[in-house]
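All remarks here apply to the structure that follows.
These figures come from a predicted structure and were not determined experimentally. Proteins come first, then strands; the chains are lettered A, B, ... in the order of their sequence lines, and each starts at number 1. Computed over heavy atoms, backbone and side chain alike; hydrogens, waters and symmetry mates excluded.
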Amino acid sequence: MLWEHLVSDMTVLQEDIDCLEALQTSLAASDAEFIHGAYETGLLEFHGAYLAQLETVHLPQQEV
Amino acid sequence: MRPLLTPAHYTTEHWFAQEQAAIFKRLWILVAVKPMLANHNDYRSLTLAGVPLVIQNHQGTIRAFSNICRHRMARIQEQEFGNRALVCPYHHWCYNEEGQLIHTHRDPAVFGFTPNETAEIRLKQYAVSIIGSLVFVNLSDEPLPIAEQFDEQTRALLQQYTADMDSSFIYTRYEGQFNWKTGMENIKDALHVPCLHKSTFPKHFRVNIAADSSINSRDASYQPSNTALPQATTQGAIAMQEAPELEWQSLVQQLECKGRYQTFHLFPNVNLMIIDGSSFAIQVYNPLAADRSEMQMMVALTKQQQDFPHKP
């Protein structure tokens, strides 16, 4: 039953991974801004928390 | 709404190095669940933020050490999971439960260390914190209290729900060419499900997006105001619609969240799902490079209350 559970999850995950790998290629080729809709506040909150953590450490030789 | 990140945050080595230092070498990161380390000398090895680690059970106490022998820097535990003492396979340097070298070879004279010199040689140890069945490691020399990362309510719920994880589990991992953040964002994004997973996502897990009160609740100028670390972890519960009654569910412990799809997005990189109060699915997105991540996946049931019938 655990195996059935995993196989079921992996079918969906494989679709996600295929999409994310294609997305990564597009991200590397893009310098445009993302466009977020009203439903995506959860993403912005994740990004806000991520950026707040990055500010806790400053590495030398920063180059953006 | 204005974006906070740019494509460069997902693709450049600069941002990867920054987040390795500020997040993965500084915060509490999930590295195991207790069923993986149930017995004396059970271990899990992994690389976290470039640091090879071994998480090992010694007489019921779980500790984390560098998985690199102090002698010639060989890997001490070579498999991802196993059961053996902390003995380097290269020259049999042997470390005790505190990571201290206890002997170097069958003939101690070969190395010529005094007992005092031997006692000073030890593996670097890292802080471990356990909530329920979840084992977290912190790579910092001065780890922040875990209560500063996960608030009291989150810790109490994780304790309550995951303490009853069964000893049987299935684990797999996949290395993909994508940034770890897109994996976590994808989990937080219910909108993609009816599009990308139109024919594969189980019907009883689907979110009624139109009924979600958070939609249309923000205007275009919205910016997150509270970026405090505990608020970065979120949880949610969705009532399962037309959930199938599965025969085995009567044989395992039923958690209070039965009938729901309970989720915890543990900042930074964990998606913990508890399905119908009787099974767990845990996804961990471990960054390997700006454009490469390892997705670890584990499924387990709640504790068995009766033996499962043998199938012919």
Side-chain angles (χ1 to χ4, degrees), chain A, chain B residues 1 3-8 10-12 14 17-19 21-23 26-27 168-170 172 174 176-179 181-186 188-189 191 196-197 200-202 209 212 214-219 222-224 227 229 231-232 234 246 248 267-268 279 281 291 295 297 299-301:
Chain A
M1 65 195 69
L2 282 176
W3 182 248
E4 288 171 4
H5 197 328
L6 184 70
V7 168
S8 168
D9 284 346
M10 288 305 288
T11 304
V12 173
L13 284 169
Q14 189 60 54
E15 290 175 339
D16 282 330
I17 287 166
D18 291 344
C19 180
L20 297 182
E21 290 190 326
L23 181 66
Q24 188 68 32
T25 306
S26 308
L27 286 167
S30 175
D31 57 2
E33 283 195 336
F34 299 114
I35 299 172
H36 292 300
Y39 191 71
E40 293 172 319
T41 55
L43 290 188
L44 286 190
E45 282 159 4
F46 175 65
H47 295 165
Y50 167 82
L51 289 174
Q53 291 309 304
L54 291 197
E55 287 173 6
T56 62
V57 171
H58 294 283
L59 296 179
Q61 297 177 331
Q62 291 198 1
E63 47 182 84
V64 184
Chain B
M1 293 184 290
L4 298 178
L5 301 190
T6 65
Y10 301 81
T11 58
T12 63
H14 164 76
Q18 188 77 20
E19 68 191 25
I23 295 178
R26 203 179 64 83
L27 300 185
S168 302
F169 67 91
I170 290 183
T172 188
Y174 176 88
Q177 302 294 321
F178 60 90
N179 183 279
K181 294 189 290 299
T182 59
M184 286 303 291
E185 291 162 0
N186 187 59
K188 293 173 175 289
D189 169 18
L191 285 173
L196 190 62
H197 309 303
T200 51
F201 206 80
I209 292 165
D212 190 322
S214 65
I215 198 166
N216 298 325
S217 64
R218 308 289 187 189
D219 61 30
Y222 172 77
Q223 292 288 285
T227 55
L229 188 51
Q231 274 67 59
T234 57
L246 302 171
W248 58 265
F267 189 84
S279 65
D291 60 354
M295 195 275 290
M297 176 84 183
V299 295
L301 302 179

ask   = Roughly how far, to the nearest 0.5 Å, is NZ of B:Lys181 from CG of A:Leu43?
value = 12.5 Å
key: Part of A:Leu51 within contact of chain B (heavy atom distance under 4.5 Å)   = side chain
key: Which atoms of B:Thr182 approach chain A - backbone, side chain, both or neither, heavy atom under 4.5 Å   = both
key: Region of A:Leu23 in contact with chain B, defined by heavy-atom distances below 4.5 Å   = side chain
task = Name the option with the most non-hydrogen atom pairs under 4.5 Å to chain A; the candidates are B:Gly183, B:Ala21, B:Ala232.
result = B:Ala21
task = Verify, without hydrogens or angle tests, whether B:Gln177 (side chain) and A:Glu21 (backbone) share a donor-acceptor contact under 3.5 angstrom.
result = no
ask   = A:Glu55, A:Glu15, A:Glu40, A:His36: which one forms the most heavy-atom pairs within less than 4.5 Å of chain B?
value = A:Glu15
ask   = Take atom CD in A:Glu33; do more than 12 heavy atoms of anything else shown fall under 6.0 Å from it?
value = no
query = Once you round to the nearest 0.5 Å, how far does CZ of B:Phe267 lie from CZ of A:Phe46?
reply = 5.5 Å
remark   = Value for OG1 (B:Thr12) from CG (A:Leu27), rounded to nearest 0.5 Å, stands at 11.0 Å
Nearest atoms (heavy-atom pairs only) where A:Leu20 meets B:Asn186 = CD2-CB, 4.3 Å
ask   = Which atoms form the tightest heavy-atom contact between B:Leu229 and A:Gln53, and what is the distance?
value = CD1-NE2, 3.6 Å
ask   = Quick one: does A:Gln24's side chain have a donor or acceptor within less than 3.5 Å of a partner on B:Asn179's backbone?
value = yes
Exercise: identify the closest heavy-atom pair between B:Thr6 and A:Phe34 = C-CE1, 3.7 Å
task = Please test A:His47 against B:Glu185 for side-chain contact (heavy atoms from CB on, under 4.5 Å), starting from the C-alpha separation and ending with a verdict.
result = CA-CA 9 Å; A:His47 295 165; B:Glu185 291 162 0; 2.7 Å; yes
note = Okay, A:Thr56 and chain B: the region with an atom under 4.5 Å from a heavy atom over there is side chain
request  = Just do the side-chain contact (heavy atoms from CB on, under 4.5 Å) check on B:His197 and A:Thr11 with the steps written out, would you?
outcome  = CA-CA 9 Å; B:His197 309 303; A:Thr11 304; over 6 Å; no
request  = Using non-hydrogen atoms and a 4.5 Å limit, figure out which bit of B:Ile23 sits close to chain A: side chain, backbone, both or neither.
outcome  = side chain
message = Does any backbone or side-chain atom of A:Ala32 lie under 4.5 Å from a heavy atom of chain B? Answer side chain, backbone, both or neither.
response = backbone
Which atoms of B:Tyr10 approach chain A - backbone, side chain, both or neither, heavy atom under 4.5 Å = both
query = When only pairs under 4.5 Å are counted, which of B:Met295, B:Glu19, B:Lys188, B:Met184 shares the most heavy-atom pairs with chain A?
reply = B:Glu19
key: Closest contact, heavy atoms only, A:Cys19 versus B:Leu196   = CB-CD2, 3.8 Å
query = Picking from A:Ala49, A:Ser30, A:Ala52, which has the most non-hydrogen pairs under 4.5 angstrom with chain B?
reply = A:Ala49
